[in-house]
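Heads up, the thing below is written out as structure tokens.
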Amino acid sequence: MTVEPLDVAGHADLLHAWITHPRSVFWGMPDADLDTVRREYQRIDANPHHHAWLGRLDGVPLFLTETYEPAHSELADHYPVQPGDVGMHVLVAPPDGEPRHGVTSAVMRTVMAFIFTDPAHHRVVVEPDVRNEAIAVKNAEAGFVVDRLIQLSDKQARLSFCSRAAFTASRLGGASGPDGVRPTAGAAAGADGSATESPMTPPAHLAPGPIAAAHRQLVAKAIAEFSHERLIQPRPDDTLPADPGGDGYRLTTDDRVAYRFRARRYALDHWLIDTASLTREVDGAPAELDALDLIVELRETLGIPAKLLGTYLEEISATLAGAAWKHHHRRERVADLVHADFQTIESAMVEGHPLFVANSGRIGFGLADHEAYAPEAGAPVRLVWLAVRRDLSTFTAGHGVDEQSHYLDELGAETLHRFADQLRDLGLDPSGYRYLPVHPWQWEHKVGITFAADVASRAIVPVGTSPDRYRAQQSIRTFFNVDHPRRHYVKTALSIQNMGFMRGLSPAYMRATPPINDWVADLVAADDTLRDCGFEVLRELASVGYTGDAYHRSGAPVSAYQRMLAALWRESPVPRIAPGQRLATMASLLHRDRDGTHLATALIAASGLPAADWLARYLRAYLRPLLHCLLGHDLAFMPHGENLILVLADHVPVRVFMKDIGEEVVAMHDRELPATVERIRMPVDDDFRALAVFTDVFDGFLRFLAAILDADGVLPADRFWQLVAECVRRHGDDHPQLRDRLDFFAPTFRHSCLNRLQLRNTLQMVDLTDQAGSLIFVGVQENPIAAAAAPAS
């Protein structure tokens with residue numbers, strides 16, 4: 001197939017016959033005469049933002065396609081047009097004789113590949129008439145996802161999008177890829193019909209303004225967190241007199257470079273830097289802030305191994321790129337997020353991990369992947385589904401889960417029939433296979449290559465994409481079902497390097513995950529105190545993994561290659577909330593918009609409650625259950641902001657859901673456990689056990705919230721920690737038999753430093769078989785509730 005610029009004069013008769021054919025009713029010109037058709041395409045030919053192309057099969061005209069710039073069309077009033085968007089229409093010639101099977105699919109594949117030959121095109125936009133079911137099917141095959149219905153001047157339309165990555169992962173794109181089209185001479189994908197290469201346009205977010213803002217924020221964060229972990233020590237600087245932004249400080253990174261800034265210092269060695277005050281000097285002259293330069297300047301101080309310096313710098317670069325993208329594209333104001341739904345808040349968040357400097361590494365994602373799969377992009381994703389041989393795979397179900405019913409509930413009967421038909425078309429028996437969801441990136445970059453032999457032997461068979469649309473969560477590889485929110489989350493293996501780990505999933509590890517979740521969920525549900533707090537866990541209730549590959553057969557130690565093909569399903573919180581309640585990931589409490597407004601501050605204001613009352617209710621929902629699990633059951637979670645989902649009522653947290661149980665929960669005792677749960681045992685001493693609160697809650701989250709509320713004038717930091725102390729004390733008063741098990745009012749506790757873990761080994765921060773032994777401690781921290789232990793007056 002070839003594509004060429006339309007010759008209006010030479011092709012007018014042909015176009016008229018195609019467009020007025022009864023099969024072309026949705027083209028909107030059934031009664032047009034020849035002159036009307038000619039004038040319409042002369043108008044398009046004269047429009048610099050709209051182009052028409054003729055497609056041929058072996059030299060014979062076969063289809064018409066149009067490309068246009070949505071920003072210069074009626075669509076601009078219906079959605080926020082992004083750089084790289086290109087609109088598309090396609091019309092296949094009515095059949096001459098008997099219809100030929102597969103022609104329309106081949107045309108769609110050719111048109112999409114033709115558009116994506118231009119590297120400036122990142123996403124295709126279509127708006128077919130809602131009555132046109134046939135084209136809706138072809139759009140879905142090409143990877144399009146319906147965003148919503150819109151009313152245009154001449155029709156009600158399905159506004160739909162398809163990114164480059166989504167097309168490549170689709171049934172049509174995967175069949176040929178972008179080499180399936182051959183533009184004829186003079187028919188490059190550009191608008192002018194010239195044969196020259198299309199110019200490269202820099203992504204809009206990789207421009208001086210957004211990247212400078214990203215550098216400033218990341219340099220401030222790096223100085224704050226490296227100071228917190230006692231890697232560096234800024235000195236007072238009298239040249240910056242104190243003002244509401246804090247006292248003046250100076251940091252000298254080497255003999256040539258100095259940084260000056262204002263900062264407020266809080267409990268737990270927390271630095272709140274006034275980013276606007278931050279300046280840099282090189283050899284005494286003003287210089288631009290550069291997060292990469294800061295790491296290079298401090299490389300010896302930070303102790304990064306020479307062989308891993310490049311990897312850490314790449315994670316810093318990717319974190320910068322992500323921050324620049326958010327700065328350019330995400331303009332939601334906190335005033336809007338106060339009332340927003342769960343997934344709007346999820347995608348609007350600036351970051352999920354406040355203490356890690358390189359927290360958005362995503363090594364392996366390209367520009368198109370970021371647009372398609374990054375949580376902040378908020379793009380809907382259809383998962384790729386593989387059929388894998390039953391005898392070469394495992395499926396583990398939790399309580400109340402049956403494999404066949406599970407797939408029926410998640411996919412629906414129609415999709416299961418479609419998948420089975422795909423297998424039968426290949427001469428395979430569907431009963432010999434089960435289904436495994438895969439991240440589209442993983443299919444294209446790993447499964448189709450790393451498991452090529454397994455695909456060729458039909459041990460792995462791609463059967464299509466999911467009927468439902470999903471959105472990536474802050475954890476990147478976990479997806480929320482936006483079409484059916486009551487259906488489960490899907491967590492997939494994703495072989496990218498991010499924040500100190502390759503984000504794979506091990507089939508062997510996944511086999512134990514549902515039993516562990518069942519055991520924890522039963523324990524939580526049976527406890528009166530936890531029920532009274534409304535504390536619940538979201539069970540990971542089913543898992544699937546493929547083990548038939550050579551990497552498993554080799555018997556080699558577990559590596560990234562054995563963590564590429566597995567998935568699990570986690571319960572959705574949506575069915576568990578009452579009318580009038582809504583959800584928000586706890587990390588969003590630390591979110592700040594471009595105006596500097598914090599979501600936590602806005603929620604408190606919107607609630608109408610005194611700040612102390614709001615915080616006390618939040619602590620009862622969050623801290624009290626964690627204390628009780630630790631003291632009553634020696635059970636510790638990883639309760640950082642991404643792992644907790646708040647239930648809000650009238651803008652107040654009333655209870656929480658804990659998630660990521662299988663990989664994060666620890667039983668800190670040596671008592672008997674079921675054999676299926678033995679993996680989570682980690683006997684430790686009392687000092688270490690208390691760190692589950694001191695490090696993971698106080699230092700890992702509450703110190704950030706305390707500084708925000710103090711700096712915003714909402715609640716003084718001393719009063720904040722008094723309320724934390726009251727929460728701890730009240731739990732002890734209510735459970736005197738548990739009160740003395742651990743001393744949460746000790747004057748100090750060991751200072752565990754998490755950035756140091758990543759700096760030591762950015763490829764794998766922690767040995768998962770010895771997590772306690774992997775930690776790095778530097779001195780002690782003063783306990784902020786020891787000083788606040790006395791009841792408030």
Side-chain angles (χ1 to χ4, degrees), residues 102 105-106 109 112-113 140-143 164-180 364 366 369 372-373 381-395 407 411 415-467 477 490 492-496 502-508 510 543-554 556 559-568:
S105 293
R109 178 188 306 122
M112 294 293 287
E141 288 181 359
R164 184 187 300 270
F167 170 62
T168 303
S170 73
R171 181 176 177 183
L172 295 186
S176 71
D179 292 331
D369 299 320
Y373 308 127
V381 177
R382 292 190 193 274
L383 300 179
V384 174
W385 284 81
L386 307 179
V388 295
R389 276 176 42 182
R390 284 187 172 274
D391 59 329
L392 300 177
S393 61
T394 61
F395 183 95
Y407 283 125
L411 291 166
T415 300
L416 288 177
H417 290 151
R418 174 162 58 88
F419 288 175
D421 287 344
Q422 292 276 100
L423 293 170
R424 292 189 189 98
D425 288 347
L426 294 171
L428 303 172
D429 181 0
S431 66
Y433 289 81
R434 58 169 51 96
Y435 300 113
L436 191 157
V438 175
H439 194 293
W441 185 96
Q442 192 79 349
W443 161 248
E444 180 179 358
H445 293 275
K446 292 298 178 184
V447 181
I449 298 170
T450 310
F451 297 85
D454 302 78
V455 176
S457 70
R458 304 294 191 246
I460 297 173
V461 182
V463 288
T465 56
S466 63
R477 57 181 170 164
V490 181
T492 61
L494 184 59
S495 299
I496 64 169
M502 184 69 73
R503 297 290 160 175
L505 288 177
S506 161
M510 289 302 99
S543 66
V544 61
Y546 177 72
T547 57
D549 51 84
Y551 312 104
H552 280 88
R553 294 196 301 270
S554 70
S559 68
Y561 294 100
Q562 292 145 305
R563 293 197 288 261
M564 290 186 183
L565 271 180
L568 63 79

Practice prompt. Taking the side chain as every heavy atom from C-beta outward, state whether Ile496 and His445 have any pair of such atoms under 4.5 Å apart.
Written response: no
Item to complete: State which residues pass side-chain contact (heavy atoms from CB on, under 4.5 Å) with Leu392; sequence neighbours excluded, sorted by chain then number.
Response: Arg389, Ala459, Tyr546
Discussion item. If you define the side chain from C-beta out and look only at heavy atoms, does anything of Tyr407 sit under 4.5 Å from Trp385?
Written reply: yes
Worksheet item: Taking side chain as C-beta onward, heavy atoms only, is Glu141 less than 4.5 Å from Ser105?
Response: yes
Worksheet item: With a 4.5 Å limit on heavy-atom distance, are the side chains of Tyr551 and Ser559 in contact?
Response: no
Discussion item. For a quick test of reading the model, state the closest non-hydrogen atom pair linking Ala142 to Ser170 and the distance between them.
Written reply: O-OG, 3.2 Å
Practice prompt. Any pair with a residue in residues 432-442 that passes salt bridge (Lys or Arg N to Asp or Glu O under 4.0 Å), sequence neighbours left out, goes on the list, sorted by first then second residue, please.
Written response: Glu403-Arg434
Worksheet item: Is a donor on one side and an acceptor on the other found under 3.5 Å between the side chain of Arg390 and the backbone of Ser431?
Response: yes
Worksheet item: Is there a side-chain contact between Pro430 and Gln422 (heavy atoms, below 4.5 Å)?
Response: no
Worksheet item: Are Leu565 and Pro507 close enough that some pair of their side-chain heavy atoms sits under 4.5 Å apart?
Response: no
Response to the item:
Residue set satisfying side-chain hydrogen bond (donor to acceptor under 3.5 Å, both in side chains) with Thr547, at least two apart, ordered chain then number -> none
Response to the item:
Output for pair (Ile460 CD1, Phe451 CZ), nearest 0.5 Å, gives 6.0 Å
Worksheet, complete the sentence: Note: Leu436 and Val438 closest approach over all heavy atoms is CD2-CG2, 3.5 Å
Discussion item. Testing Leu416, Leu386, Val388 one by one against Tyr435 for a side-chain contact (heavy atoms from CB on, under 4.5 Å), which residue passes?
Written reply: Leu416
Worksheet item: Per the side-chain hydrogen bond (donor to acceptor under 3.5 Å, both in side chains) rule, which among Gln442, Arg477, Lys446, His439 passes with Ser495?
Response: Gln442
Practice prompt. State which residues pass side-chain hydrogen bond (donor to acceptor under 3.5 Å, both in side chains) with Arg418; sequence neighbours excluded, sorted by chain then number.
Written response: none
Worksheet entry | OG1 on Thr465 to CG on Leu383, rounded to 0.5 Å | 9.0 Å
Worksheet item: Which atom pair, heavy atoms only, marks the closest approach of Val544 to Pro437?
Response: CG1-CD, 4.1 Å
Worksheet, complete the sentence: Sorted by chain and number, sequence neighbours left out, side-chain contact (heavy atoms from CB on, under 4.5 Å) with Ala508 holds for Ser506, Arg511
Discussion item. Quick one, Thr450 and Met564 - any side-chain contact, counting heavy atoms below 4.5 Å?
Written reply: yes
Fill in: Considering all heavy atoms, the nearest Pro440-Tyr373 contact
CB-OH, 3.1 Å
Worksheet item: Counting distance only, does the side-chain N/O of Glu444 pair as donor-acceptor with the main-chain N or O of Trp441 below 3.5 Å?
Response: no
Worksheet item: What distance separates Met510 CE from Leu505 CG, expressed to the nearest 0.5 Å?
Response: 5.0 Å
Worksheet entry | Contacts of Leu428 that satisfy side-chain contact (heavy atoms from CB on, under 4.5 Å) - sequence neighbours left out | Leu423, Leu426, Tyr433, Arg458, Val461
Discussion item. Is there a side-chain contact between Trp443 and Pro462 in this structure, where contact means two heavy atoms from C-beta onward sitting under 4.5 Å apart?
Written reply: yes
